[in-house]
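Chain naming here is simple, since letters A, B, ... match the order of the sequence lines and numbering starts at 1 in each. Quick caveat: nothing in here was measured; it's all calculated off a predicted structure.
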Amino acid sequence: MTVFTTRADTIYGVTFMVLAPESDYVKACTTPEQAAAVEAYIATTKKRTERERIADRRVTGVFSGSYAINPVSGTEIPVWISDYVLAGYGTGAIMAVPAHDSRDYAFAKHFGLDIIPLIEGCDVSEQSLDAKEGIMMNSGFLNGLTVKEAIAAAKKHISEKGIGRVKVNYRLRDAIFSRQRYWGEPFPVYYKEGLPYMLDESRLPLELPEVDKFLPTEKGEPPLGRAKNWYYPSPTLPKGEGESSKIDLQDISESQSPSPSGRAGEGPFPLELNTMPGFAGSSAYYLRYMDPKNDKALVSPEANGYWRNVDLYIGGTEHATGHLIYSRFWNKFLFDLGIVCEEEPFKKLINQGMIQGRSNFVYRIKDTNTFVSLNLKNQYETTQIHCDVNIVSNDVLDIEKFKAWRPEFADAQFILEYPNPTLPKGEGDTQYSKSEQSQDETISPPLEGTKGRYICGWAVEKMSKSMYNVVNPDDIVEKYGADTLRLYEMFLGPLEQSKPWDTNGIDGVHRFLKKLWSLFYKETNLLISNDASSAEELKTLHKTIKKITFDIENFSFNTSVSAFMICVNELFTLKCSKKEILEPLVILLAPFAPHIAEELYHILGNHGTVCDAAFPICNESYLVESSVKYPISFNGKVRFMLELPADMPKEEVEKTAMTNEQTIKQLAGATPKKVIVVPGKIVNIVC
RNA sequence: GCCCGGAUGGUGGAAUGGUAGACACGAAGGACUUAAAAUCCUUUGGCUUCACGGCUGUGCGGGUUCAAGUCCCGCUUCGGGUACCA
């Protein structure tokens, strides 16, 4: 019997074998005494679908009556039959190592089979140790090796002795590469006697046919089932011939999809009715963009050699698993054919974080149409129901809107918070925080004035229509404008982090834009002047240019927004309304807040769009400091600051610091063991 | 289980091994106002001190270093992805 394992190192821990009920070996292994039990077991497993078998984790199985010999250890082990082993994977038979596989462990515990621990110091009295780490024991020639070493040693041993062979097993991801809809590239596939064949290259491109409606057919076929001429005349005919013979698809095949039959002989043959997903076209568009007017090839070698591949791909995680897989596959395929010059389509990938939703729940008492407020729900048996967040404010439900929301709630009854809610003592005067909340069910903040109101529960979940937690950015745009929304999304935190949508704090970025505006206008009076800038103003501007340039290169947009705020705060304090300063600032801001930047750019007297303006370049000479504030630290703890000339040599800094009276006071007569001076940074005195 | 991320104030977060908490929100106090909104000013990690100041502090335990949120080793825990795939 052949088994497949990724843990050859655990061979000495094998205490039994398990066959899938469908395995061909079942018959051979079943002894006459066990025949009735085995037959009964297989009969019950047959009734269950694979989905049920996967979903139901009850341990079931039956002993076959036979024993096998472990080829490495030479021990005799019983052969069992159980549906936790899948016939479709590996050989449909496994070597069971209960000490180090949780499924085998559950099985062994249930049927009282031996469990031999193989890792030094591990405890398998409660559960198996599945992790691939530790030092081997009870394992013959593998004893004393780490798991990693043991896997390699076991593989070597098995190959050399001819007991087994080493093989890399690939698993194919389910392609789900078709859609039952109209819009999408049609597959160049026809069916002959139920089997799919590719169209001859001369017949390409295959274009979408005309249909009367973009709807499924009455028989439930995809929309292409409505096309009149959707067939392939004959694989042997060149393009153009046979096309005129209008044959209704329905005549060709009674049932095309999902299992198109097609006829034998010379055709005509039905074409595939599904179309390709969005991934298909988008898997090569970046190549097409390089040479969009080329009607001879996907892309010319010259254009491809110039543009090569995409510098940056920003997309969500769903793209990483969907689109990118196809895109990379197509590109590698085209690379192998010599059509493209780069093996990879994208140089860099960034998965932006997801803006999650904050859902609200109402609690319906079972078998009634009565809803109970959050803090009272534990007194009843309730069902948690998602409720539209747009009819909830601060977790307080608008009951009238709720009744109007869906017809079945029109007559709903409500049990509200008691006039004097009996909250646990102390709960009303502490701030609630997310960390204190349990995951799926949360206690509402004990708001003042919840008495007599309906309070909803909440949770952070993926934003989705089905959870009624979708917030519309239009409301934010309406209230604050698109620039504020854009800046705020950046300001929330690092690009790659997910976080719940929470508008607390949006006022901050909005105030920033208003403050920027106030540098240009006092009420309706334009303040802009052409005066020369001070060194301080130039320093503020140029350190901002430096920071923004750096941040853009590093996709650190949240710190960019902070830098803009610092800049505007400083200019505000300096009362700076000089064109020489504000114009570069506005250009710098344009990628972050394009609308206001465009307007301010014009107010400064420019024509054309700010997008065409040259991006400002930092002039380091404005940033040079004449003095440095040295933190003077003792054993790493900063005690005071000392301002010294920036160009003061290291020895001089040390001398000045050591003779300073505060240093003498700190040392209190002790002699320092060591003094570290990092020029321009810090002084540390070890004592 | 495996893979990938995190863990820093009341909150979102900042910090090329060199002053932890930038910038914002919130909160408290004040100015302007008949009032409110808007705006402006001040304070704001914790403990302690009349004050100067001191102590403490970046999930936990070790280590490297003159110096660690940051580097190394070992954990805890949360989130995301994936899986009865042996």
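The separation of B/rG6 from B/rU56, taken at their C1' atoms, amounts to 26 Å, rounded to a whole angstrom. Across B/rG29 and B/rG80, the matching C1' atoms stand 44 Å from one another, rounded to whole Å. Between B/rG1 and B/rC84, the distance separating the two C1' atoms is 11 Å to the nearest Å. Across B/rG61 and B/rU77, the matching C1' atoms stand 15 Å from one another, rounded to whole Å. For the C1' atoms, the distance from B/rU33 to B/rA38 is 11 Å, rounded to whole Å. A gap of 31 Å separates the C1' atoms of B/rG57 and B/rG30, to the nearest Å. Look at the P atom in both B/rC52 and B/rU44: the space between them is 11 Å, to the nearest Å. Rounded to a whole angstrom, the distance from the P atom of B/rC73 to that of B/rC78 is 23 Å.
Computed from coordinates, the A/I77 CD1 to B/rA86 P distance equals 19 Å when rounded to whole Å. Taking atom CD1 of residue A/I682 and atom P of nucleotide B/rU70, one finds them 16 Å apart after rounding to whole Å. Here B/rC85 presents its P atom at 11 Å from OH of A/Y84, a figure rounded to the nearest Å. Nucleotide B/rA38 holds its P atom 8 Å from the CG atom of A/D507, rounded to whole Å. We find that CD of A/Q352 is positioned 16 Å from C1' of B/rG81, with the value rounded to whole Å. If you measure from atom CZ of A/F572 to atom P of B/rA24, you get 12 Å, rounded to the nearest angstrom. Here B/rA86 presents its C1' atom at 15 Å from CG of A/D83, a figure rounded to the nearest Å. The CD atom of A/E553 sits 17 Å away from the P atom of B/rU16 (whole-angstrom rounding).
Taking 4.0 angstrom as the limit, A/N569 places none of its side-chain polar atoms (N or O) nearer than this to OP1 or OP2 of B/rC23. At least one side-chain nitrogen or oxygen of A/R511 sits closer than 4.0 Å to the OP1 or OP2 atom of B/rC25. For A/R639 and B/rC55, the shortest distance from a side-chain N or O to OP1 or OP2 is below 4.0 Å. Phosphate proximity of B/rG10 to A/N504: absent, as no side-chain N or O sits under 4.0 Å from OP1 or OP2. OP1 or OP2 of B/rG13 lies within a sub-4.0 Å distance of a side-chain N or O belonging to A/Q497.
Backbone-only contact: A/K637 has heavy atoms under 4.0 Å from sugar-phosphate atoms and none from a base. At the heavy-atom level, A/F491 lies under 4.0 Å from base atoms of the strands shown. Residue A/K514 is in sugar-phosphate contact alone, with no base atom involved, counting any heavy-atom pair closer than 4.0 Å across all strands shown. A/M641 comes within 4.0 angstrom of a base, heavy atoms only. Residue A/I94 is in base contact, counting any heavy-atom pair closer than 4.0 Å across all strands shown. Using a 4.0 Å heavy-atom distance criterion, A/N558 is classed as a sugar-phosphate-only contact.
Projected onto RNA chain B by closest heavy-atom contact, A/T559 and A/V678 fall at different nucleotides, the more 5' of which corresponds to A/T559. Summary of the strand contacts: A/N684 and A/D101 both lie near RNA chain B, and taking for each the nucleotide with the nearest heavy atom, the more 5' one is attributed to A/N684.
Nearest to the side-chain atoms of A/T5 among the listed nucleotides B/rG13, B/rA86, B/rC23 stands B/rA86. Each of B/rC85, B/rC25, B/rG18 was ranked by its minimum atom distance to the side chain of A/R103; first place goes to B/rC85. Relative to the side chain of A/T6, the nucleotides B/rA14, B/rA86, B/rG12 differ in distance, and B/rA86 lies closest. The A/I676 side chain lies nearest to B/rC66 when the options are B/rC66, B/rG26, B/rC84. For A/Q666, taking side-chain heavy atoms from C-beta onward, the closest of the listed nucleotides B/rU19, B/rC40, B/rG54 is B/rG54.
When both distances must be under 3.5 Å, the Watson-Crick or G-U wobble mate of B/rC2 is B/rG81. Base pairing of B/rG26: its partner is B/rU44, meeting the Watson-Crick or G-U wobble criterion (both donor-acceptor distances under 3.5 Å). Partner assigned to B/rA7 is B/rU76, using Watson-Crick or G-U wobble distances below 3.5 angstrom. Pairing for B/rU19 is absent, judged as Watson-Crick or G-U wobble with the two contacts each under 3.5 Å. Using N1 to N3 plus N6-O4 or O6-N4 for Watson-Crick, or N1-O2 and O6-N3 for G-U wobble, each under 3.5 Å, B/rA86 pairs with nothing. B/rA67: no Watson-Crick or G-U partner with both key distances under 3.5 Å is found in any strand. Nucleotide B/rU58 has no partner under the Watson-Crick or G-U criteria, as no pair reaches both atom distances under 3.5 Å. Across all strands shown, B/rA35 forms no Watson-Crick or G-U wobble pair with both key distances under 3.5 Å.
Within a 6.0 Å radius of NZ in A/K515, other residues, nucleotides and ligands contribute more than 12 heavy atoms. Counting non-hydrogen atoms of other residues, nucleotides and ligands closer than 6.0 Å to CD of A/E536 gives a total of 12 or fewer.
Here the side chain of A/N554 pairs a donor or acceptor atom with the backbone of A/F550 at under 3.5 angstrom. In this structure a side-chain-to-backbone donor-acceptor pair under 3.5 Å is present from A/S577 to A/L519. At least one donor-acceptor pair closer than 3.5 Å links the side chain of A/Y630 to the backbone N or O of A/G680.
Side-chain contact of A/D104 with A/Y84: a donor-acceptor pair under 3.5 Å is present, judged by distance alone.
Between the base of B/rU16 and the side chain of A/K681 there is a donor-acceptor pair shorter than 3.5 Å.
In this structure, B/rG9 shows a glycosidic angle within 90 degrees of zero, which is the syn conformation.
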Quiz item: After noting the C-alpha distance and the side-chain angles of A/V509 and A/Y480, does the key distance pass the side chain to side chain contact (heavy atoms under 4.5 Å, CB included) rule?
Solution: CA-CA 10 Å; A/V509 287; A/Y480 296 100; over 6 Å; no
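Ring to ring, A/F16 and A/F107 are close: their centroids are under 6.0 angstrom apart.
The pair A/E625-A/K539 meets the salt-bridge criterion, with a side-chain N (NZ, NE, NH1 or NH2) lying under 4.0 Å from an Asp/Glu carboxylate O.
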